[in-house]
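Note sheet for the following structure.
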Amino acid sequence: MVTRFAPSPTGYLHIGGARTALFNWLYARGRGGKFLLRIEDTDRERSTPEATAAILRGLAWLGLDWDGEAVSQFAGRARHAEVARQMLASGTAYKCFATQDEIEAFRAAARAAGTSTLFQSPWRDADPASHPDAPYVIRLRAPREGATVIEDAVQGTVTFRNDQLDDMVCLRSDATPTYMLAVVVDDHDMGVTHIIRGDDHLTNAARQVQVYQAMGWPVPVFAHIPLIHGPDGKKLSKRHGAVGLEEYQAMGFCAAGMRNYLTRLGWSHGDDELFDDAQAREWFDLSGIGRAPARLDFKKLENVSGYHIAKAADAELLPEIEAYLEAAGRPALREAQREGLMRALPCTKERAKTIPELLDKAHFVLAARPLVPDQKAAAGLDLVSRGILAELTPQLQNASWVRDELEAIVAAVAEAHGLGLGKIAGPLRAALAGRTVTPSVFDMMLVLGREETLARLGDQAA
RNA sequence: GGCCCGUUCGUCUAUCGGUUAGGACACCAGGUUUUCAACCUGGGAAGAGGGGUUCGACUCCCCUACGGGCUGCCA
């Protein structure tokens, strides 16, 4: 079995497109099939190489790999034209010499008369001998009786009356193929067996089936999935905020979390919410896809992202963090910071929903001495607190650097002053991290090590 | 306008004629706690509306409302 993702390179990779790609990828990868990528660049006006690059970057970040090279649809235009000629020869298509003006006049008249605006070409049954020497388009000779039926894996059986479908243009007057023709030819030639795409193509599917039938080609399995809507239930657009996949990377969601969230958006497998790629590949199927459009919920995305960050192996998280830094336009990690971060990951990743949040928790290991405490931290470092820190320092000097002993020492000092651990943890936190919100003070000491810990305490002690 | 698709807690969803309509996120209350987070316990929260079919409908059919898509020599 073969699936494909076929985006138009006219902008960024839309979050909805990303999910479509993900579904196709999951379906193919879970069944030992192939997942192909085709760039639908037949619209020369709007297609740009930058957009293609953005799509490739987005897929790479999401972790979706495709088989073979990405195919340019425009490159296959000669083949598409050839098929149009074949249909002409077999009589399943015809030359139409109607001009744009004539078509517009037809539609205007139809609108005024309240009849169907579907264009009915007078050339459909014209004698070839009467053909003028003028530009023409090649139109499909679509059946006028009966109905065209789509057996859709998501939408079920969808029936279109043929009198609702007009003779669509397959080859334009400049001899370039239209999208409707090109998709069908490419999908057939590429051996695509399952077309999973947005349901904005459901109506198009009927016209495309007519082309398959005209060519006598086997019709693939269609699965038209509902679009993703904004939080207000309206079609997702820029006014809702992030629509481009890369924006999600820049916001710091982890790729695994994004995959999990997007997979679960509009598809379900019982009550399973959190899963890894292997499970997703095993579970994913067309019958689990819902029929109603889904809305984006950033809170849930955060939750899922946090789950996967906590679960990720440190060695895999580090490159992802560095990729985030680059995507967000933030400075790269210095070598010392990279090493420190690796040590700090175990005590920070479990508390972060996103990568920027993780970096914030890891600030203590990213910052270099002498630390400049922020306002709140500075407020906690009063004279009394500094005195206690000064008292604590020599005791830590000779301690064996293990959690139990560090806890015991700090607790003893606190008790000597008639204080709870909470009272002394504050100033410690301020001295060690320069902040009031940090990982556990003992975790920080262990990550920082004896030397750095004592140095930082010394910086702040009275 | 015509054709097509959709509609279960705020959100994502389970249910495939018989359930006190379940789970997750979010929210609220309490607990735990060295901060934040995490975690634990509890709570409120749904079948768009109206007709049928049936012993019995969230589930099947029809109508209405609302949302979406298509209706291009765009994709």
Side-chain angles (χ1 to χ4, degrees), chain A residues 6-10 40-43 45-47 73 96 98-100 103 107 110-111 114-119 135-139 150 152 154-156 158-161 163-166 168-174 176-180 182-183 198-207 224 226-227 229 231 233-235 261 264-274 287 290-304 306 310 348 350-353 357 360-361 376 380 407 410-411 414 420-426 428-430 433 435-442:
Chain A
S8 313
T10 54
E40 311 238 306
D41 52 356
T42 53
D43 185 338
E45 302 286 303
R46 297 196 297 151
S47 300
Q73 184 161 66
C96 171
T99 64
Q100 302 273 24
I103 295 172
R107 293 205 174 106
R111 258 192 298 277
T115 57
S116 171
T117 57
L118 293 178
F119 181 61
Y136 61 87
V137 299
I138 294 182
R139 286 185 186 271
I150 309 293
D152 194 277
V154 173
Q155 307 290 343
V158 185
T159 304
F160 296 88
R161 272 170 34 210
D163 60 15
Q164 295 295 332
L165 270 13
D166 61 5
M168 66 175 182
V169 173
C170 293
L171 205 67
R172 302 189 185 99
S173 52
D174 63 359
T176 60
T178 59
Y179 158 79
M180 288 291 185
V183 247
D199 71 4
D200 49 336
H201 286 288
L202 183 57
T203 327
N204 292 336
R207 315 176 104 88
H224 288 94
L227 270 21
H229 284 181
K234 302 284 187 187
K235 190 182 173 187
Y261 175 75
R264 190 61 184 60
L265 190 63
W267 171 85
S268 61
H269 183 263
D271 284 338
D272 297 307
E273 298 281 350
L274 300 166
S287 61
R291 276 185 289 274
R295 306 180 193 198
L296 283 175
D297 180 351
F298 280 83
K299 289 289 190 184
K300 186 140 188 173
L301 209 206
E302 280 182 1
N303 180 273
V304 176
T348 50
E350 282 167 16
R351 33 209 324 143
K353 294 185 173 70
E357 209 178 307
D360 194 56
K361 306 273 186 202
K376 281 183 183 170
E407 279 187 31
V410 174
L421 186 55
K423 292 292 178 192
I424 201 168
L428 254 176
R429 213 182 299 282
R435 303 228 177 145
T436 53
V437 176
T438 73
S440 148
V441 292
F442 303 110

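Protein chains get the first letters and strands the later ones, always in sequence-line order, with residue 1 at the start of each. Hydrogens, waters and symmetry mates play no part in the numbers below; they use all other heavy atoms, side chains included.
Of all nucleotides listed (B:rC5, B:rC73, B:rU71), B:rC73 comes nearest to the side chain of A:Gln100.
Atoms CG (A:Leu202) and P (B:rC5) sit 7 Å apart, rounded to a whole Å. Rounded to a whole Å, the CG atom of A:Asp271 is 8 Å from the P atom of B:rG23. As rounded to whole Å, 16 Å separates atom C1' of B:rC3 from atom CG of A:Asp200. To the nearest angstrom, C1' of B:rG6 lies 9 Å from CZ of A:Arg291. B:rC70 atom C1' lies 12 Å from atom OH of A:Tyr179, rounded to whole Å.
Backbone-only engagement by A:Arg295 is indicated by non-hydrogen atom pairs under 4.0 Å involving sugar-phosphate atoms exclusively. Across all strands shown, A:Val169 has heavy atoms under 4.0 Å from sugar-phosphate atoms exclusively, and none from any base. Counting any heavy atom pair closer than 4.0 Å across all strands shown, A:Leu296 reaches no nucleic acid atom. Nucleic acid contact for A:Thr10: none, since no nucleic acid atom lies under 4.0 Å from a heavy atom of the residue. Among the atoms of the strands shown, base atoms are found under 4.0 Å from some heavy atom of A:Glu273. Counting non-hydrogen atoms under 4.0 angstrom, A:His201 reaches a base of the nucleic acid. Here A:Gly266 lies in heavy-atom contact (under 4.0 Å) with sugar-phosphate atoms only. As judged by a 4.0 angstrom heavy-atom cut-off over every strand, A:Asp41 is placed among residues making no nucleic acid contact.
Between A:Arg107 and B:rG72 there is a side-chain N or O to OP1 or OP2 distance below 4.0 Å.
By the salt bridge (charged side-chain N to carboxylate O under 4.0 Å, His left out) test, A:Asp200 pairs with no residue at all, sequence neighbours left out. Every residue two or more places apart in sequence or in another chain that forms a side chain to side chain donor-acceptor pair (under 3.5 Å) with A:Arg264 is listed here: A:Glu273.
Searching all strands for a Watson-Crick or G-U wobble partner of B:rC27 with both distances below 3.5 Å returns B:rG43.
Distance check on atom P: B:rA38 versus B:rA24 gives 15 Å, rounded to whole Å. Taking the C1' atom of each, B:rA57 and B:rC62 are spaced 15 Å apart, rounded to whole Å. Spacing of C1' atoms, B:rA14 relative to B:rU59, comes out at 13 Å, to the nearest Å. Across the C1' atoms, B:rA48 and B:rU8 are found 11 Å apart, a figure rounded to whole Å.
Under a cut-off of 6.0 angstrom, the local environment of CZ in A:Arg111 is crowded, with over 12 non-hydrogen atoms contributed by other residues, nucleotides or ligands.
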Legend entry - Sugar-phosphate or base contact per nucleotide [nucleotides 26-41 of chain B; S, B, -; heavy atom under 4.0 Å]: S-------BBBSS---

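Ion pair A:Arg435/A:Asp360 flagged as a salt bridge, since at least one NZ, NE, NH1 or NH2 atom sits closer than 4.0 Å to an Asp/Glu carboxylate oxygen.
Residues A:Asp43 and A:Thr10 have side chains not in contact (no heavy-atom distance under 4.5 Å, counting atoms from C-beta outward).
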